[in-house]
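Working notes, structure below.
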Number of protein chains: 2
Amino acid sequence: MLTEERKTFLLDTLAIDGRIEAKAVAKELGLSDDTIRRDLRELAAAGKLQRVHGGALPTSPADADLNARKAIASKSKQEIGKTAASLIKPGQVVIIDGGTTALELTKNIPKNQENTVITHSPTVAVALAAHVKTKVIMIGGTLFRHSMVNVGAATVEAASRIRADFFFMGVTGVDINAGLSTGDMEEAHIKRALSQRAAETVVMASSEKIGVASTYVVMPLEQASGIVLGQNTPMQLRKDIKKLGLEVFVKKHNDGA
Amino acid sequence: MLTEERKTFLLDTLAIDGRIEAKAVAKELGLSDDTIRRDLRELAAAGKLQRVHGGALPTSPADADLNARKAIASKSKQEIGKTAASLIKPGQVVIIDGGTTALELTKNIPKNQENTVITHSPTVAVALAAHVKTKVIMIGGTLFRHSMVNVGAATVEAASRIRADFFFMGVTGVDINAGLSTGDMEEAHIKRALSQRAAETVVMASSEKIGVASTYVVMPLEQASGIVLGQNTPMQLRKDIKKLGLEVFVKKHNDGA
DNA sequence: CACGATATTGCACGTTTATGCATGTTTTAA
DNA sequence: TTAAAACATGCATAAACGTGCAATATCGTG
């Protein structure tokens, strides 16, 4: 692990936990306490954190909680996005949904990998601007701001003309009984339509979506072929989902910070 | 392996892994550490990555902000965008083209004004995310990266189903004789199609486009109903264009920076 | 083809940086 | 007050670094 990486790791840890215990981190990383103390000293000098006896705290304790929650949420989504992106093989045609998790997936598609991405989200399309080897097909429609995706009859019609290997679907609710659900009827309709156009539908579900049912049902859970979950998803739930016939994808090992 | 190939490989590795360890890469490629270090040094000098002890990391988000600031449109384009936006009256339906000038126009549409915007550019759609009172209709197609617009048969077909008051068109060449032109055939086709769907077509032409003819002609100049020009456009040219029957719009007075 | 100019690469050498340990000091909590 | 933990500092070692140089390959030109 590079020195700078370690410093970033320390700041991340601080953002997530709201605190750093020098000795604990040293043991976790297999380094001497001195090294961690030195890092903390330098980060404190740079104003990135507040040094205290035994470790470090955020500079502004007031926002610590809010930031911590935000960081956790985004960390989890990043993790899921990365795992989902690893499922995409060169040459495949994939449909990518809108939403923040899908956007993370998009960012994690290797830049030198040739793929075709179909999306009804302008945000996803813009994120793919730098992926020169990726062919991007956009599905038009009426922009639904909340999730920045196109919806409506035109979207459904355009969707009916395509065919893909994967559909990476984002939802706001994943429940064994209630199935996959979302908060907008038009969106639910589009998700259903896109799912029918792909050989396999993979759901991306960050932890806060699990066991939740939103107003509009997209389809039963077993109609999906796979699901990407966060590492913090309970084992029992993973087993339950597997029983329904879905392949469960979870980040395998620590890839570092 | 060629040197440039190796540099691309390094950037790709960085994009995929988010980190580069100099020694590890050197071993992987069967080269000396020195060579890799030299590459990393040069790439860092070019701003492509951030050099750290032991390897390299992606350019920090702080630098990304700097790049974003660099990308701001020229004064002239801002001015034209503002003038063009002032032509849009509440309630009107307007088609907005892709490109930087069109993006400036988009940003200058009043946030509290109710309009319908039709666009085939995901960038424009994203820029309108905060305009809650604006209804956005996206036209899909195959993404043409250079100008970040959708093109192709699907785009033309979808365009045929709409109707608008204005089409704000961006071009790369405006010449009295050669007419309106652009550098891509597909794009020219789309511009022509969109122009036919609007009651009035207004061309946006920053100074460097004037008197220039690009490869693919969109349509003769007199087929447009108006043109927005920069303040630095010669008076003679303005008169010539007016003679063709076009309304000429120029920023009226100093609105301050 | 011949020639010099230029670029690339690995090696040698001295310098800088990172890290862990020893030592003495400060802080914390009982 | 006192002992343990945490700390800062100096030092030694090893890794990573930059620079200059020589060997080699590539390019451009005549």
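Order of the sequence lines sets the chain letters (A, B, ...), proteins ahead of strands, with each chain counted from 1. Just so you know, these numbers use all the heavy atoms, side chains as well, and skip hydrogens, waters and symmetry mates.
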Can you tell me the distance, in whole Å, between the [atom1] atom of [X] and the [atom2] atom of [N]?
X     : N      : atom1 : atom2 : value
B:D34 : D:dA22 : CG    : P     : 17 Å
A:D33 : C:dA18 : CG    : P     : 19 Å
B:E42 : D:dT19 : CD    : P     : 12 Å
B:E5  : C:dT9  : CD    : P     : 11 Å
A:L2  : C:dT19 : CG    : P     : 10 Å
A:I36 : D:dA5  : CD1   : C1'   : 17 Å
B:R6  : C:dG10 : CZ    : P     : 8 Å
A:M1  : C:dT19 : CE    : C1'   : 15 Å

Using a 6.0 Å cut-off, check whether atom NE2 of B:H189 has over 12 heavy atoms from anything other than its own residue. no
Suppose we call a contact any N or O donor and acceptor under 3.5 Å apart; does that hold for the side chain of A:R37 and the base of C:dG20?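 Under the 3.5 Å cut-off, the side chain and the base do not form any donor-acceptor pair.
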Listed nucleotide nearest any side-chain atom of A:R38, set C:dC21, D:dG18, C:dG10: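 Nearest listed nucleotide: C:dC21.
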Return the nearest nucleotide to the side chain of A:K23; candidates are D:dA6, D:dC7, D:dA8.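 The answer is D:dA6.
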For A:D97 and A:A102, indicate whether the former's side chain and the latter's backbone hold a donor-acceptor pair under 3.5 Å. no
To the closest 0.5 Å, what do you measure between NZ (A:K48) and CD (A:E42)? 11.0 Å
Separation between NZ of B:K23 and CZ of B:R37, rounded to the nearest 0.5 Å: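 Those atoms lie 8.5 Å apart.
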Phosphate-side-chain proximity, A:S32 and C:dC21, N/O vs OP1/OP2 below 4.0 Å: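 Checking C:dC21 against A:S32, no side-chain N or O comes under 4.0 Å of OP1 or OP2.
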So, is A:T35 near the phosphate of C:dA18, with a side-chain N or O under 4.0 Å from OP1 or OP2?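 So the side-chain polar atoms of A:T35 never come under 4.0 Å of the phosphate oxygens OP1 or OP2 of C:dA18.
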Return whichever of A:R51 or B:H53 has its heavy-atom-nearest nucleotide of DNA chain D closer to the 5' end.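 That would be A:R51.
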Pair A:E79 + A:K82, salt bridge at N-O below 4.0 Å: no
